[in-house]
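Each ligand, and each atom within it, is numbered from 1 in the order the structure gives.
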Amino acid sequence: MSVAKETVGRKAVAYIESGMVVGLGTGSTAYYFVDELGKRYASGQINQIRCVSTSTQTEQQAQSLGLPTVTLDEVNHIDVLVDGADETLDSFSGIKGGGGALLLEKIVAQYSRKIIWIVDQAKRVDYLGAFPLPVEVVQFGAWKLFHTFDKAGMQPSFRKKGVDSLFITDSGNYIIDLHLGKIEHPEQVAFELKNMVGVVEHGLFINYPNIILVGDQQGGYETIERPTIIQ
Ligand code: 5RP
């Protein structure tokens with residue numbers, strides 16, 4: 001159990017108001033957010049919300065708590081999306097997909113008016129890349145992409161489920177993790193990956209969150225908020 005993850009997960013519920021459409025992230029930190037939201041909804045403190053999940057795992061948790069869930073296509077937009085991340089920069093970019101939900105997370109983020117990332121201190125970094133960068137690829141020709149990454153020195157590995165099976169995402173794809181060490185130019189890497197046929201999505205989230213809540217092991221947290229430009 002991580003005090004830091006639980007702290008920011010539960011604190012993030014403060015951003016949710018009755019009547020909102022809420023995006024539910026995926027992972028062990030988002031778990032606490034969904035849990036707290038479920039409690040507040042059950043007690044009537046927050047009502048008339050609709051929730052859009054970023055994975056079947058989160059969808060199951062939300063439903064088990066009695067939260068009203070809808071699909072992305074049933075709503076115009078999401079008011080607030082609360083999600084975890086694997087690495088974050090204070091310049092509001094990061095790596096996501098450690099839980100394998102990067103594609104749905106990025107799609108939901110695309111339609112979210114406010115995005116809040118909840119992370120523990122260890123994930124706040126000066127450079128991205130120590131965490132392996134997940135790349136979601138279609139199954140057909142996946143080994144071809146693997147060899148391309150390998151030749152480019154990107155140290156790829158297929159994401160596994162257990163010892164023998166490959167991990168399959170909610171959309172039926174594989175994940176290849178790239179062990180890059182230090183990504184000097186995330187925008188360039190993101191651009192190049194996006195242009196590779198067979199790559200469905202990558203875990204570089206450039207300029208996504210409006211707010212990052214960074215938790216510590218003492219139960220405290222810091223709020224990093226993107227400045228808003230008032231016109
Ligand atoms: C799932 C994700 C998660 O948000 C990310 O991996 C962080 O997970 P955790 O909160 O368990 O550390 O991107 O695809």
Colleague: Considering only non-hydrogen protein atoms, determine which one is nearest to atom 2 (C) of ligand 1 and report residue, atom name and distance to 0.1 Å.
Modeller: Glu105 OE2, 3.2 Å
Colleague: Among Val138, Ile168, Val199, find the residue that satisfies the side-chain contact (heavy atoms from CB on, under 4.5 Å) test when tested with Asn173.
Modeller: Val138
Colleague: So which bit of Asp83 gets within less than 4.0 Å of ligand 1, heavy atoms only: side chain, backbone, both or neither?
Modeller: side chain
Colleague: Considering only non-hydrogen protein atoms, determine which one is nearest to atom 10 (O) of ligand 1 and report residue, atom name and distance to 0.1 Å.
Modeller: Thr29 OG1, 2.5 Å
Colleague: Under 4.0 Å from a heavy atom of Ala101: which atoms of ligand 1 are those, numbered in the order shown and with their elements?
Modeller: 14 (O)
Colleague: Any sub-3.5 Å donor-acceptor pair from Gln217's side-chain atoms to Ala4's backbone N or O?
Modeller: yes
Colleague: Which one holds for Ala85 and ligand 1: side chain close, backbone close, both close, or neither close, with close meaning a heavy atom under 4.0 Å?
Modeller: backbone
Colleague: Can you spot which of His185, Glu184, Glu192 makes a side chain to side chain donor-acceptor pair (under 3.5 Å) with Gln188?
Modeller: Glu192
Colleague: Would a single hydrophobic cluster contain both Phe92 and Leu81, if residues Ile, Leu, Val, Met, Phe, Trp and Tyr are joined by side-chain heavy-atom contacts under 4.5 Å?
Modeller: yes
Colleague: Using modelled atom types and a 3.5 Å cut-off, is there a donor and acceptor pairing between side-chain atoms of Ser112 and backbone atoms of Val108?
Modeller: yes
Colleague: Between the side chain of Ser55 and the main-chain N/O of Thr58, is any donor-acceptor distance below 3.5 Å?
Modeller: yes
Colleague: Would you mind listing which atoms of ligand 1 come within a distance below 4.0 Å of any non-hydrogen atom of Ser28?
Modeller: 9 (P), 10 (O), 11 (O), 12 (O)
Colleague: Does Asp86 offer a backbone N or O that forms a donor-acceptor pair with the side chain of Lys96 under 3.5 Å?
Modeller: no
Colleague: So between Asp86, Ile95, Ile175, whose heavy atom ends up nearest atom 8 (O) of ligand 1?
Modeller: Asp86
Colleague: Need the ligand 1 atom indices (1-based, order shown) with element for anything under 4.0 Å from a heavy-atom of Lys5.
Modeller: 9 (P), 11 (O), 12 (O)
Colleague: Distance under 4.0 Å to a non-hydrogen atom of Gly84: what atoms of ligand 1 satisfy this?
Modeller: 4 (O)
Colleague: Relative to the heavy atoms of Lys123, which atoms of ligand 1 are at a distance of less than 4.0 Å?
Modeller: 7 (C), 9 (P), 10 (O), 12 (O)
Colleague: For atom 4 (O) of ligand 1, which protein heavy atom lies nearest, and how many Å away is it?
Modeller: Thr26 O, 2.8 Å
Colleague: Cationic tip of Lys161 within the cone over Phe167's six-membered ring, i.e. under 6.0 Å and within 45° of the normal?
Modeller: no
Colleague: Hey, which atoms in ligand 1 end up nearer than 4.0 Å to a heavy atom of Gly97?
Modeller: 2 (C), 13 (O), 14 (O)
